[in-house]
Peer 1: 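Before I ask anything, let me first share the structure, which is written out below as structure tokens.
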Amino acid sequence: MASQAAKRVLVVAGLGNGTGTGAATARLFAKNGYSVALVARGANTVNSLAQEIKSEGGHAATFALPSYSHEDITTAWASIHNRFPKPEYAIRAAVFNVGHSVFKPFLEVTPEDVQNCLQTGVAAAFSFSRGAILALKENDIEEPTGKRGTLIFTGATAALRGNVLTSAFAAGKFGMRALSQSLAKEFGKENIHVAHAVMDGG
């Protein structure tokens, strides 16, 4: 008797107010049969979106965070694995849609602004990626894609070029894009797809 295929899971971090890219991604994957792990700061958005997905016949679980620190992200990944254990489930996709916006003249940018942009756009992206890559590496190669899974970063035009008022914001976005390129080179050979997509306004 053939073993039943593992149920696919999407992990999406960063939901904003529930109307942008992260939430739209969760809705789309849920409609296509994925179980969805919703990761975001604060419980209101994750709970509301989870209820919406469930009311439409989908499967979603909430993982509200106090912050996007390394410790909180690592704890969230542990909780996700507990909620969606192997071999019943397989995390096949992860989306990092977290951002921190600062639009100020350069001389008005504070050290705290810089730290927040780099913490969210670079440090948190590293922490989330580590959890995602470790999960994806455990998967068998899936046909017909020939991949173990996919990690996607949502960026912005500021990841490609700086502009007036975007010195701190662009620094974080440039860093995230560089991380995505590095991971694509390192883990593509292990059949893990890593991509960076420009999604302004999301």
Side-chain angles (χ1 to χ4, degrees), residues 6-86 88-103 113 116-117 119-132 135-136 149-159 169 172-173 176 180 195-202:
K7 300 171 186 175
R8 297 174 180 175
V9 178
L10 162 73
V11 180
V12 56
L15 302 173
N17 63 6
T19 63
T21 302
T25 302
R27 292 184 184 101
L28 179 63
F29 273 71
K31 287 178 181 177
N32 282 276
Y34 279 72
S35 296
V36 181
L38 303 171
V39 182
R41 284 177 290 203
N44 290 342
T45 298
V46 290
N47 289 338
S48 176
L49 182 58
Q51 281 302 115
E52 177 191 331
I53 289 172
K54 290 175 183 177
S55 71
E56 296 179 0
H59 184 204
T62 62
F63 303 89
L65 300 177
S67 75
Y68 285 112
S69 68
H70 176 74
E71 292 75 17
D72 289 339
I73 292 173
T74 301
T75 297
W77 273 110
S79 298
I80 290 166
H81 285 295
N82 286 335
R83 178 62 184 81
F84 298 108
K86 283 184 167 293
E88 183 180 359
Y89 295 93
I91 295 168
R92 288 290 181 179
V95 176
F96 188 77
N97 183 58
V98 179
H100 182 82
S101 298
V102 173
F103 300 103
D113 291 331
N116 287 337
C117 286
Q119 167 59 35
T120 304
V122 180
F126 264 82
S127 299
F128 182 82
S129 298
R130 187 176 191 280
L136 297 176
T150 299
L151 169 61
I152 298 173
F153 299 86
T154 62
T157 300
F169 180 64
K173 292 299 183 182
M176 185 189 298
S180 71
H196 175 273
V198 172
M199 298 284 186
D200 286 325

Peer 1: Can you sort out the partners of Thr150 under side-chain contact (heavy atoms from CB on, under 4.5 Å), two or more places apart, ordered by chain and number?
Peer 2: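 Residues passing side-chain contact (heavy atoms from CB on, under 4.5 Å) with Thr150: Ile152, His193.
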Peer 1: Check this for me: Lys31, atom NZ, are more than 12 non-hydrogen atoms of other residues, nucleotides or ligands nearer than 6.0 Å?
Peer 2: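 Result for NZ/Lys31: open.
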Peer 1: Atom CZ of residue position Phe103 - does it have more than 12 heavy atoms of other residues, nucleotides or ligands inside 6.0 Å?
Peer 2: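 Buried by this count: over 12 neighbours within 6.0 Å.
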Peer 1: Which label fits Phe84 and Phe63: parallel for a plane angle under 30°, tilted from 30 to 60°, or perpendicular past 60°?
Peer 2: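 Geometry flag for Phe63 against Phe84: tilted rings.
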Peer 1: May I ask you to decide if Thr154's main-chain N or O and Asn97's side chain share a donor-acceptor pair within less than 3.5 Å?
Peer 2: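 No; zero donor-acceptor contacts below 3.5 Å.
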Peer 1: With rounding to the nearest 0.5 Å, note down the distance linking CH2 in Trp77 to CZ in Arg130.
Peer 2: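 If I round to the nearest 0.5 Å, the distance is 12.0 Å.
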Peer 1: How far apart are the closest heavy atoms of Pro66 and Asp72, and which atoms are they?
Peer 2: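 Closest pair (atom of Pro66, atom of Asp72, distance): CG-OD2, 3.2 Å.
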Peer 1: Any idea which heavy atoms bring Leu38 and Ala26 closest together, and the distance?
Peer 2: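 Heavy atoms of Leu38 and Ala26 come nearest at CD2-CB, 3.6 Å.
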Peer 1: Testing the basics here: between Ala30 and Ile53, what is the closest heavy-atom pair and its distance to 0.1 Å?
Peer 2: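 Smallest heavy-atom distance, with atoms named: CB-CG2, 3.6 Å.
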Peer 1: Just wondering, do Arg27 and Glu52 contact through their side chains at under 4.5 Å, heavy atoms?
Peer 2: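 Yes - at least one pair of side-chain heavy atoms lies under 4.5 Å apart.
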Peer 1: For Ser48, what residues pass the side-chain contact (heavy atoms from CB on, under 4.5 Å) criterion, not counting sequence neighbours?
Peer 2: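 Ser48 satisfies side-chain contact (heavy atoms from CB on, under 4.5 Å) with no residue once adjacent residues are dropped.
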Peer 1: Who pairs with Arg41 by salt bridge (Lys or Arg N to Asp or Glu O under 4.0 Å), at least two apart in sequence or on another chain?
Peer 2: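 Partners of Arg41 by the salt bridge (Lys or Arg N to Asp or Glu O under 4.0 Å) criterion come out as none, since no residue qualifies.
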Peer 1: Under the rule for side-chain contact (heavy atoms from CB on, under 4.5 Å), what residues qualify as partners of Ala124, not counting sequence neighbours?
Peer 2: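 If we apply the side-chain contact (heavy atoms from CB on, under 4.5 Å) test to Ala124, skipping adjacent residues, the hits are Tyr68, Ile73, Phe96, Gln119.
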Peer 1: Within the 4.5 Å heavy-atom criterion, are Val102 and Asn116 side-chain neighbours or not?
Peer 2: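 No; the side chains remain at least 4.5 Å from each other.
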Peer 1: Quick one: list whatever passes side-chain contact (heavy atoms from CB on, under 4.5 Å) with Thr62, sequence neighbours left out.
Peer 2: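 side-chain contact (heavy atoms from CB on, under 4.5 Å) list for Thr62, sorted by chain: Val46, Asn47, Ala50.
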Peer 1: For Phe153, enumerate each residue passing the ring-ring contact (aromatic ring centres under 6.0 Å, His included) test, keeping only those at least two apart in sequence or located in another chain.
Peer 2: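 Partners of Phe153 under the ring-ring contact (aromatic ring centres under 6.0 Å, His included) test: none.
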